[in-house]
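Here's the structure, in structure tokens; my notes come after.
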Amino acid sequence: MNDIENRLVECFSAVFPNLSREQMTALDRDSTEAWDSIAGVTLVSILQQELQVDIDLTDLEHLSSFRAVFAYVAEPIGSGSAQVNQRAD
């Protein structure tokens with residue numbers, strides 16, 4: 001896993017603490033009862049704080065899986081149109 005993916009797992013773990021890392025990376029809103037609207041907004045808040053990235057709430061409906069969130073966050077970094085601050089852990 002790369003750094004962004006590891007950081008996403010940490011963020012998702014804060015919202016879905018009872019899931020394993022493998023379950024986390026396969027997580028999908030449609031098949032996860034705990035992923036309701038409150039969990040979605042909480043996740044966006046955590047992602048914005050931890051990754052220091054702005055997420056438009058109108059995009060929330062498209063962020064329906066771990067992979068979709070990863071693509072949303074990672075794509076702007078590669079294209080240079082947005083920036084996620086990297087931590088020096």
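Quick caveat, the model's predicted, so the values are computed rather than measured.
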Verify whether one side chain among Asn2 and Arg7 offers a donor that lies under 3.5 Å from an acceptor in the other.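 Judged by distance alone, the side chains do not pair up.
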Measure across [X] and [Y] and return the closest heavy-atom pair with its distance rounded to 0.1 Å.
X	Y	result
Ala39	Ala34	CB-O, 3.4 Å
Ala68	Ser65	N-OG, 3.0 Å
Tyr72	Asp59	OH-OD2, 2.7 Å

Calculate, to the nearest 0.5 Å, the distance between atoms [atom1] and [atom2] belonging to [X] and [Y] respectively.
X	Y	atom1	atom2	answer
Ile46	Phe12	CD1	CZ	10.0 Å
Met24	Asn18	CE	CG	9.0 Å
His62	Ile55	NE2	CD1	13.0 Å
Leu47	Leu8	CG	CG	6.0 Å
Phe70	Glu5	CZ	CD	5.0 Å
Leu19	Thr25	CG	OG1	10.5 Å

Before giving the answer on side-chain contact (heavy atoms from CB on, under 4.5 Å), spell out for Gln49 and Val44 the whole-Å C-alpha distance, their side-chain angles and the decisive distance to 0.1 Å. CA-CA 9 Å; Gln49 181 179 13; Val44 166; over 6 Å; no
[X] (side chain) donor-acceptor with [Y] (main chain) under 3.5 angstrom:
X	Y	answer
Gln23	Ser20	yes
Ser13	Val9	yes
Thr32	Trp35	no

Is any side-chain heavy atom of Asp28 closer than 4.5 Å to one of Arg67?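 No, side chains not in contact.
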Below 4.0 angstrom, N of the basic side chain to O of the carboxylate: do Arg29 and Glu61 qualify?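 Answer for the salt bridge query: no.
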Are Val69 and Ile38 connected in the hydrophobic side-chain network, where two residues link if heavy atoms are under 4.5 Å apart?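 They do not share one cluster, since no chain of ILVMFWY contacts under 4.5 Å joins Val69 to Ile38.
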